[in-house]
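For reference, the structure discussed in these notes is given below.
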Amino acid sequence: MLSYIWLVRNEAYSFKGKESHFSDVLLSSACTIPLMETKNPLIKLEGPQLIFSGGVRTKDHKSLSNVFILFQMLLGEIDDVIHYD
């Protein structure tokens with residue numbers, strides 16, 4: 001699980017669990033940072049599913065569209081790792 005923590009001008013990412021190729025991708029991807037800047041962001045693995053949860057403004061369709069695009073790009077990076085191994 002990757003969660004974003006705001007602490008008075010400090011930003012920290014925490015990843016719980018064993019280190020893996022997937023965690024390396026999540027922590028090094030340029031796509032992760034904007035996803036983790038949404039409201040109450042969370043990326044977690046539940047069984048075979050990668051789940052993203054985060055909030056955008058109610059009528060901000062552009063931000064919502066960007067979330068889908070960024071998550072799709074992140075999944076592409078993960079697919080590259082799977083096919084590379």
Notebook entry, point to check: Do you know which two heavy atoms are closest between Val25 and Thr32, and how far apart they sit?
Noted result: O-OG1, 4.4 Å

Item checked: Considering all heavy atoms, the nearest Pro34-Leu70 contact -> CB-CD1, 3.6 Å

Notebook entry, point to check: Honestly curious: do Leu74 and Phe68 fall in one hydrophobic cluster under the side-chain, below-4.5 Å linking rule?
Noted result: yes

Notebook entry, point to check: What heavy-atom pair brings Glu77 and Ser29 nearest, and what distance separates the two atoms?
Noted result: OE1-OG, 2.8 Å

Notebook entry, point to check: Going from CD1 on Ile69 to CG on Leu35, what distance comes out if it is rounded to the nearest 0.5 angstrom?
Noted result: 11.0 Å

Item checked: Distance, nearest 0.5 Å, that separates CD1 of Ile78 from CG of Leu26 -> 5.0 Å

Check: CD1/Ile43 to CG/Leu50 distance, rounded to the nearest 0.5 angstrom?
Finding: 6.5 Å

Notebook entry, point to check: Hey, any chance Phe52 and Leu75 share a hydrophobic cluster, counting ILVMFWY side chains that come within less than 4.5 Å of each other, even indirectly?
Noted result: yes

